[in-house]
Every structure is written in structure tokens, then in C-alpha cells.
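Notes follow once the structure below has been shown.
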Amino acid sequence: MRVSQFFLSTLREAPAEAEVVSHQLMLRAGLIKQLTRGVYTWMPLGLRVLRKVEAVVREEMNAAGAIELSMPAVQPAELWRESGRWEQYGPELLRIKDRHQRDYCFGPTHEEVVSDIVRREVKSYRQLPLNLYQIQAKFRDEIRPRFGVMRAREFVMKDAYSFHADKASLDKTYREMVDCYSRIFTRLGLKFRAVAADTGTIGGTGSHEFHVLADSGEDAIAWCPDSDYAANVELAEAIEPFKPRSTPAQGMKKVPTPGKTTCEAVSEFLGFPIEKSVKSIVVAANDSLYLLLIRGDHTLNEIKTSKIRFLSKFRFATEDEIKNAFRSRPGYIGPVGISSMIPIIVDRTVAKMSDFVCGANEDGHHLTGVNFGRDIKEPEHVFDIRNVVAGDASPDGKGRLEILRGIEVGHVFQLRAKYSREMNLAFLDESGKSQIMEMGCYGIGITRIVAAAIEQNHDGRGIIFPRALAPFELALTPIGMGKSARVRETAERLYRELAAAGVDVLLDDRDERPGVMFADMELIGIPHRAVVGERGLKNGQVEYQGRRDERAESVPLQDAINYLKSKICG
RNA sequence: CGGGGUGUAGCGCAGCCUGGUAGCGCACUGCGUUCGGGACGCAGGUGUCGGAGGUUCAAAUCCUCUCACCCCGACCA
């Protein structure tokens with residue numbers, strides 16, 4: 001490809017709305033343009049990158065025995081009503097009406113459609129297992145799209161769905177998909193980690209997420225350097241402290257803490273470590289209030305909390321609800337002396353605490369030296385309801401946890417019979433008996449991968465695309481080709497020969513000043529560059545520089561093709 | 001959904017407070033000089049000042065409504 005015949009649109013300055021580096025660079029390099037909130041055009045250069053990702057995913061999915069199809073983006077509401085998700089899915093589902101006022105949605109995912117296909121087509125165990133996938137635009141009406149294509153409303157996803165006669169078959173395919181995903185992200189040149197995950201709204205049982213590691217990632221991952229334990233913090237278990245609760249050493253005392261409404265402020269004000277404080281959180285579920293206790297420096301894990309049977313649909317209490325029930329403002333509430341109508345849910349860590357500090361249920365006051373068994377009754381409901389923090393014991397007992405940040409780029413689920421039961425995915429087994437299929441689903445965020453790869457691979461000059469993602473493999477940069485016939489002819493010949501040798505080369509034939517060409521080629525992240533200029537040609541040489549190299553090296557012109565090929569393939 | 005912010009040329013911004021016929025840098029077009037790390041000179045084009053309504057002799061500027069985008073929050077006491 002020649003730059004003169006392509007459509008580069010680089011910017012010197014990043015548009016003001018971009019916050020994270022990948023978004024800034026994608027805009028500056030002209031990979032994407034925003035059309036409206038959370039919706040982007042993929043410009044020619046960006047589309048090349050997207051196609052590279054797709055190609056790797058497609059190859060590996062095919063190699064793993066999955067079969068590609070393409071399902072409609074627009075789906076009838078009936079199918080969603082059948083699975084129960086028309087009501088369940090909430091405002092993230094973009095609902096549309098046709099001219100007859102019939103309900104449709106723009107698919108955020110395709111369990112319903114694929115299930116409908118399979119139940120019509122698959123009748124026998126002989127047709128199973130079956131793993132179907134597609135690569136397609138999805139729409140999810142996110143509350144707050146962010147970070148460019150990282151959290152967009154419209155995005156491209158690879159979604160696969162597998163169908164099985166039994167759990168063993170599902171397990172096998174699930175493992176194959178985990179391996180397949182590992183190969184995909186390895187081939188894409190990404191630093192990633194597979195972690196145990198929560199199943200979220202899609203439902204089902206076993207689940208792993210694949211995260212590209214990046215400080216800007218929206219997810220926190222707990223992992224143990226001493227074992228292979230890794231889990232999303234949403235899921236990671238905070239195990240019960242080993243140390244037994246020490247016996248009370250202090251008497252309970254009410255102290256004034258005017259204006260100090262957070263554990264941090266109270267501990268600082270009173271001069272004790274925040275680990276001695278207990279945070280009181282009021283939630284409502286089924287028209288009752290519940291008081292949750294976690295240690296002052298910990299944060300509540302809402303997903304774990306919602307797994308407690310009677311809190312499955314909890315919400316945070318309103319300020320008025322709190323005032324009515326505790327006769328004090330939020331910030332000064334606590335478990336001592338409250339109505340027995342309010343059950344107290346105690347985090348495992350808190351259950352082992354003694355002589356702690358908490359709100360006094362009186363504005364401007366806290367209690368110190370509070371103890372279970374003496375000042376309040378022994379905890380009845382002890383659960384793991386907090387997020388793990390760095391330094392916590394690993395749930396597998398093999399060391400201590402560390403926290404990393406990651407960008408979720410893949411997710412695999414064992415859906416089991418969740419959809420197949422609702423939608424009656426039945427088949428006849430070997431004995432002619434009707435059975436319900438086991439089902440798995442496997443997603444990869446194609447568009448998000450591009451952003452994640454840039455997040456992980458960039459420098460002050462721009463993007464550094466991993467080989468598998470690069471829109472072009474080699475930038476061929478002639479210097480002064482308008483002036484020097486020798487430069488022009490050499491560049492044109494190299495261009496032809498490289499193209500003939502199968503190299504995806506971008507010839508910068510703009511006859512720009514060298515600085516402009518170098519800056520553009522570096523910004524858009526071409527991994528290799530060859531420079532043809534009078535200076536080198538005088539000595540029969542051209543220059544080569546890798547995108548990460550400090551300086552260029554000279555190569556004899558007659559060896560150039562082979563040398564560049566070896567660099568590109570190396 | 002709540003709060004805050006911003007809309008002026010393709011991009012980054014000034015002008016608004018204090019109303020008087022719209023600017024700067026980059027980009028773009030032409031010519032010339034330059035030519036190994038985002039050149040320089042000269043000449044030039046570019047705007048429904050997000051939209052609608054109002055106040056006024058006069059509105060980018062003041063008022064009302066509205067739309068879009070961005071950020072923060074959505075109760076972690």
C-alpha cells in the first residue's frame with residue numbers, strides 16, 4: 001500500500017475528550033472516529049488492525065473445532081421473553097420497534113438466537129457436541145461508555161456457544177476453549193492472565209475471564225505469586241483469619257468525634273490504626289434493613305453480598321431509612337444497642353476483632369473498646385462480604401495475594417442448562433430418551449483487544465503494535481524521493497520486491513520531510529521501518545530500525561529484502 | 001438518573017465577565033526557498049460562535065428553553 005493511495009488521518013494533538021492513553025493514541029493515529037457517545041467508526045487504518053485480530057481469533061477458533069456462522073444483529077422480543085431476559089436484562093438492552101409496533105432488540109449477545117437455531121436443527125446425540133461462533137457487532141446501552149472503544153456501546157465481539165449431550169463433553173470443550181483463548185492472546189502478543197470469575201448476568205456456573213494486564217484496567221485481579229491461584233476480586237475469597245479473637249482488654253467508651261464520619265477520619269482523629277475500626281453499612285432487601293459490618297479499611301464486595309440468600313436483591317439504604325432506624329446520621333451509626341429487628345451481617349474478619357471502634361448511634365460520637373459477646377451479642381450471620389486486599393492469605397493456602405489491574409478481553413462460561421431448559425433444547429440420547437443439552441459460551445471483545453494492546457504497547461512517540469496486530473508490517477520511507485531519481489527508483493523497486501515476497505509494506509510516497517514521515521509511521525505503530533536515502537545509497541546501503549530500537553542499522557542494498565524479511569518474521 | 005463542565009474553522013484553544021459586524025497555533029490551498037526527526041517566507045480559503053426563542057439600534061457575548069459531548073456520582077457512612 002502507498003500512503004498516497006491510502007487514507008491516513010493523524011493528529012498532532014489528541015482531542016480533549018480522551019483520557020486514557022490508548023484512546024488518545026487511537027484518535028491521534030486516526031484508527032477510530034467517534035460518531036456519538038460510545039459509538040465509533042473504524043477508519044481504514046484501524047479496520048486493518050481489527051481485521052488482524054479477527055483473523056487470529058478465527059484461525060484459532062476453527063483450529064479448535066468451532067464452526068463459524070453469522071446471526072442477525074436484530075432479534076425479536078419473543079425469544080427474549082422466552083428466556084426471561086426481556087424483563088431481566090434491564091436498560092442495557094437496546095429495544096426497538098418496527099413499523100407494526102412489534103418489539104425487537106439490537107443483540108447484546110446471542111444465547112437466545114443460537115439456542116433457537118440449535119433446538120430446530122439438532123435432534124440427536126449424534127449431532128453433538130456442536131460449537132458455533134460468530135464475529136459481529138453487538139450493542140449494549142452502557143450507563144457510561146468510557147475510554148473510547150474500551151467500553152463502547154457498539155463493539156465487535158466473537159461469541160461462541162457450545163452444545164453437549166453431557167457435562168463431561170462440556171468440560172472437555174470448556175478446557176479446549178480455555179487453551180484456545182490462551183493461544184489467541186499469546187499470538188496477539190499480549191501479557192494476559194486467566195482468572196476465575198463471577199458469572200454475572202449471563203448466568204451459569206464455571207467461569208474464567210481473560211485479562212490483559214494494564215494499570216488503567218477497570219477490573220482488579222487477585223493472584224498469588226506462590227501458586228497458580230488467580231481470581232477477579234469480585235470473586236476472590238477472603239478467608240477467615242487464622243488468629244483467634246483476642247480477649248477484650250478495654251471497656252466500651254463513648255467518645256465525641258464531631259464531623260468525623262468516615263473510619264479514616266475517626267481513626268486519624270482518635271489516633272488508632274484504621275484496622276481497629278468497623279464500618280457499618282445499611283442495606284435494604286425484601287422491605288427489611290440489614291446492618292453489614294466490615295473492617296474500616298476494607299470495602300464491601302457487592303457481588304459476594306448479593307449471594308447471601310436473603311440479600312440477593314439488596315440495595316443501599318437511603319439516608320432517611322438510616323435516620324429512622326438508627327436515630328443518628330450516617331457516619332455515626334453502629335451495631336451497639338440497635339433494634340433486634342435489624343439483623344447484623346458480620347464479615348469474617350470483623351468476627352475475629354476485639355476492642356474495636358464503631359459509630360455510637362448518636363450524632364458526633366463513636367464507641368471505642370467494643371467487643372462481641374459483651375457489648376453486642378456474638379455474631380450470628382458471619383459471611384465473606386469484603387473485597388480481598390494485597391497481603392491477604394491466598395484461598396488455596398499457599399501464600400499471600402497480590403492485586404493487579406486488568407482489562408477483560410475474554411470470558412468463558414459453563415452455562416449448563418440455564419438456557420437449554422428455558423428454551424427446551426432437547427435431544428434424544430443413545431437409548432432414545434429425551435435429554436436437555438449442556439451449554440457453554442465463550443466471548444472475546446475484538447474491538448477492546450485493540451485498545452488493550454495499545455494500552456500495553458506504546459511509548460512517547462505513539463503506538464507499538466505487536467506483530468500480529470500491526471496494520472502494516474513495514475514502513476518504507478524514502479527520503480527526498482521527489483528530488484533523487486536514485487532514491488525513488490530504489491524505493492519503488494524495494495516496494496515491489498517486498499510486496500512480491502509477501503511483506504505487508506506501506507510505502508510513504510508523500511515526499512514529505514523525513515521528520516513528518518518518521519513521526520507518522522511511529523505514531524501509527526508500524527513495527528519495522530526501512531529508510532532509503534541518498535546518504536545510505538552512496539554507500540550502497542539502506543537503513544533498518546525496529547519500532548523499539550534505539551537507533552537504525554545499515555544494511556547493504558543487495559541484502560535488504562532478505563534482511564527485512566528476517567526481521568519481520570523474526 | 002443526580003451533580004458539575006464544555007460547545008467558537010479539521011484538531012487544540014482565545015474572545016464572553018464589561019454587547020459594537022470573529023481571532024490565534026497547527027492543519028489545508030497556491031507559489032518560492034528548504035529537505036535525515038513534526039521547516040521557512042509570501043499569498044489564500046475555511047465558521048449557520050451547537051440549536052431555537054427572547055432582550056437590544058446592535059448578541060459569540062445578556063436571559064429562557066433545548067440538544068450534544070465530557071467528567072464525577074448513583075448512597076461503601
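Naming: A, B, ... by sequence-line order, numbering from 1 per chain.
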Can a side chain N or O of R28(A) be found less than 4.0 Å away from OP1 or OP2 on C11(B)?
-> no
Quickly work out the R144(A) CZ to C70(B) P distance and round it to whole Å.
-> 9 Å
First of Q34(A) and H366(A) reached from the 5' end of RNA chain B, by closest nucleotide | Q34(A)
Kindly indicate whether the side chain of E522(A) and the base of G37(B) share any N or O donor-acceptor pair separated by less than 3.5 Å?
-> yes
Under 4.0 angstrom, heavy atoms only, what part of the nucleic acid is P514(A) near: base, sugar-phosphate, or nothing?
-> sugar-phosphate
Base, sugar-phosphate, or nothing: which does S9(A) touch, judged by heavy atoms less than 4.0 Å apart?
-> nothing
To the nearest angstrom, how far is D508(A) atom CG from G38(B) atom P?
-> 15 Å
Within the structure, does a side-chain N or O atom of R12(A) lie under 4.0 Å from either OP1 or OP2 of C26(B)?
-> no
Compare side-chain N and O positions of R37(A) against OP1 and OP2 of A68(B) and report whether any pair is under 4.0 Å apart.
-> no
Quick one: label I322(A) by what it contacts on the DNA or RNA (base, sugar-phosphate, nothing), any heavy atom closer than 4.0 Å.
-> base
Using a heavy-atom cut-off of under 4.0 Å over every strand shown, decide if D511(A) touches base, sugar-phosphate, or nothing.
-> nothing
Picking from Q34(A), K33(A), E17(A), what satisfies side chain to side chain contact (heavy atoms under 4.5 Å, CB included) with L27(A)?
-> E17(A)
Rounded distance in Å between the P positions of G15(B) and G20(B) | 14 Å
Base, sugar-phosphate alone, or nothing: which one does G533(A) contact when heavy atoms must sit under 4.0 Å apart?
-> base
Check every strand shown and say whether E13(A) touches a base, only sugar-phosphate, or nothing at a heavy-atom separation below 4.0 Å.
-> base
When the C1' atoms of G7(B) and A14(B) are considered, how many whole Å apart are they?
-> 15 Å
Just checking R329(A): base, sugar-phosphate only, or nothing, at a heavy-atom cut-off of under 4.0 Å?
-> nothing
When we call it a touch if two heavy atoms are under 4.0 Å apart, what does G482(A) touch: a base, just sugar-phosphate, or nothing?
-> nothing
Would you classify I294(A) as touching base, sugar-phosphate or nothing, given that sugar-phosphate means primed atoms plus P, OP1 and OP2, and contacts are heavy atoms under 4.0 Å?
-> nothing
Complement of G73(B), any strand, by Watson-Crick or G-U distances under 3.5 angstrom = C1(B)
Only one of K254(A), R327(A), R329(A) clears side-chain hydrogen bond (donor to acceptor under 3.5 Å, both in side chains) with E362(A); which?
-> K254(A)
D215(A), CG atom: more than 12 neighbouring heavy atoms under 6.0 Å = no
Measure the distance from NZ on K483(A) to P on U33(B) and round it to the nearest whole Å.
-> 9 Å
Using the C1' atom in both, what is the distance from A22(B) to G5(B), to the nearest Å?
-> 24 Å
What is the distance, rounded to the nearest whole Å, between atom CE of M43(A) and atom P of C11(B)?
-> 12 Å
Are more than 12 heavy atoms from other residues, nucleotides or ligands located less than 6.0 Å from atom CZ of R309(A)?
-> no
Atom CG of N539(A) and atom P of G36(B): how far apart are they, to the nearest Å?
-> 16 Å
Donor-acceptor pair present, R529(A) side chain and G37(B) base, under 3.5 Å = yes
Distance-only polar pair, side chains of Y544(A) and H528(A), donor-acceptor under 3.5 Å | yes
Please find out if less than 6.0 Å separates the ring center of F472(A) from that of F465(A).
-> no
